[in-house]
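All figures in this text were calculated on a predicted structure; none of them were measured in a lab.
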Amino acid sequence: MLAHPNTGQLFNSPVEPGTGWPGDPATPQTAVAADAAQVSALASSATSLADLNAQVSVCRACPRLVSWREEVAKVKRRSFAEQPYWGRPVPGWGSEQPRLVIVGLAPAANGANRTGRMFTGDRSGDQLYAALYRAGLVNQPTSVDAADGLRANKIRIVAPVRCAPPGNSPTPAERITCSPWLDAEWRLVSDHVRVMVALGGFAWQIALRLPGAIGTPKPRFGHGAVAELPSGVRLLGCYHPSQQNMFTGKLTPAMLDDVFRLARKQAGIR
């Protein structure tokens with residue numbers, strides 16, 4: 001067992017449900033999906049974000065992803081060798097009544113797979129949360145672990161795949177198996193949402209297939225692209241804040257700021 005870097009509490013890697021990890025929504029009694037049919041059944045029956053988050057966080061429906069995320073949690077990156085790793089699926093994070101939803105891709109092996117919170121603990125998250133802070137959408141510019149005091153201002157961050165995939169590339173079958181979790185999350189929050197921001201072309205396509213967007217002409221993704229969905233939600237495109245995009249200048253902090261300041265204004269967030 002190793003000590004959590006913020007709280008000092010000891011944990012195994014992967015973290016066992018209900019052992020006190022900051023923000024862990026699950027208990028030892030939480031229902032565990034073991035295959036795609038069980039994911040669909042549990043997701044469709046979820047009546048609250050609390051229940052959904054708990055079930056997402058213990059899902060074992062994709063054997064390749066389970067094996068990979070747990071192997072990473074046990075082996076660890078050298079720079080985090082003295083830390084416990086979450087090593088489980090990562091639920092959505094943020095407001096339960098968001099006016100703005102941000103769609104990502106999947107947890108990073110040594111980022112959210114380590115910390116247990118979306119976009120927390122890697123360089124993409126460093127860029128994203130700094131931009132959200134500058135736009136007044138979170139209360140602090142850094143996101144380092146699940147006990148660091150980060151709070152959302154009417155935003156929620158979601159992903160179509162909840163486990164860290166090998167090579168950052170889930171298979172088509174894994175994406176399909178995981179999709180009911182996002183559909184259920186959208187069902188539970190969509191009445192409040194005014195704006196979505198898609199981080200990258202894949203996230204853009206995922207956003208366009210959510211209930212309320214199905215059947216619309218498929219607008220092309222681009223940084224700064226805007227799509228008006230039948231549900232009344234406005235979809236904004238943003239390049240993913242990956243290390244490569246930021247290093248090459250394809251995406252700059254100023255470009256991130258433009259997207260999130262516009263998103264805040266159009267979502268009516270004060």
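- Evaluation of the side-chain contact (heavy atoms from CB on, under 4.5 Å) rule for Ser45 yields no partner, not counting sequence neighbours.
- Within the structure, side chain to side chain donor-acceptor pair (under 3.5 Å) contacts touching residues 258-270 (residues at least two apart or in different chains) are Arg234-Gln266.
- Sorted by first and then second residue, the salt bridge (Lys or Arg N to Asp or Glu O under 4.0 Å) pairs involving residues 164-184 (not counting sequence neighbours) are Arg64-Glu174, Asp183-Arg209.
- Applying the side chain to side chain donor-acceptor pair (under 3.5 Å) test to pairs two or more places apart or on separate chains, those with a residue in residues 105-115 are Gln83-Arg114, Tyr85-Asn110.
- With Asn245 contributing its side chain and Lys250 its backbone, the two residues share no donor-acceptor pair below 3.5 Å.
- Residues in residues 101-113 take part in no salt bridge (Lys or Arg N to Asp or Glu O under 4.0 Å) pair, two or more places apart or across chains.
- Residues in residues 24-44 take part in no ring-ring contact (aromatic ring centres under 6.0 Å, His included) pair, two or more places apart or across chains.
- Residues forming a salt bridge (charged side-chain N to carboxylate O under 4.0 Å, His left out) with Arg134 (at least two apart in sequence, or on another chain): Asp257.
- By the ring pair (Phe, Tyr, Trp, His ring centres under 6.0 Å) test, Phe202 pairs with no residue at all, sequence neighbours left out.
- The side-chain contact (heavy atoms from CB on, under 4.5 Å) check on Thr252 picks up Ala254, Met255, with sequence neighbours excluded.
- Heavy atoms from other residues, nucleotides or ligands lying under 6.0 Å from CD of Gln243 number 12 at most.
- Annotation: salt bridge (Lys or Arg N to Asp or Glu O under 4.0 Å) contacts involving residues 27-40, sequence neighbours excluded, are absent.
- Applying the salt bridge (Lys or Arg N to Asp or Glu O under 4.0 Å) test to pairs two or more places apart or on separate chains, those with a residue in residues 75-90 are Asp24-Arg88.
- Arg69 pairs by the salt bridge (charged side-chain N to carboxylate O under 4.0 Å, His left out) definition with nothing, not counting sequence neighbours.
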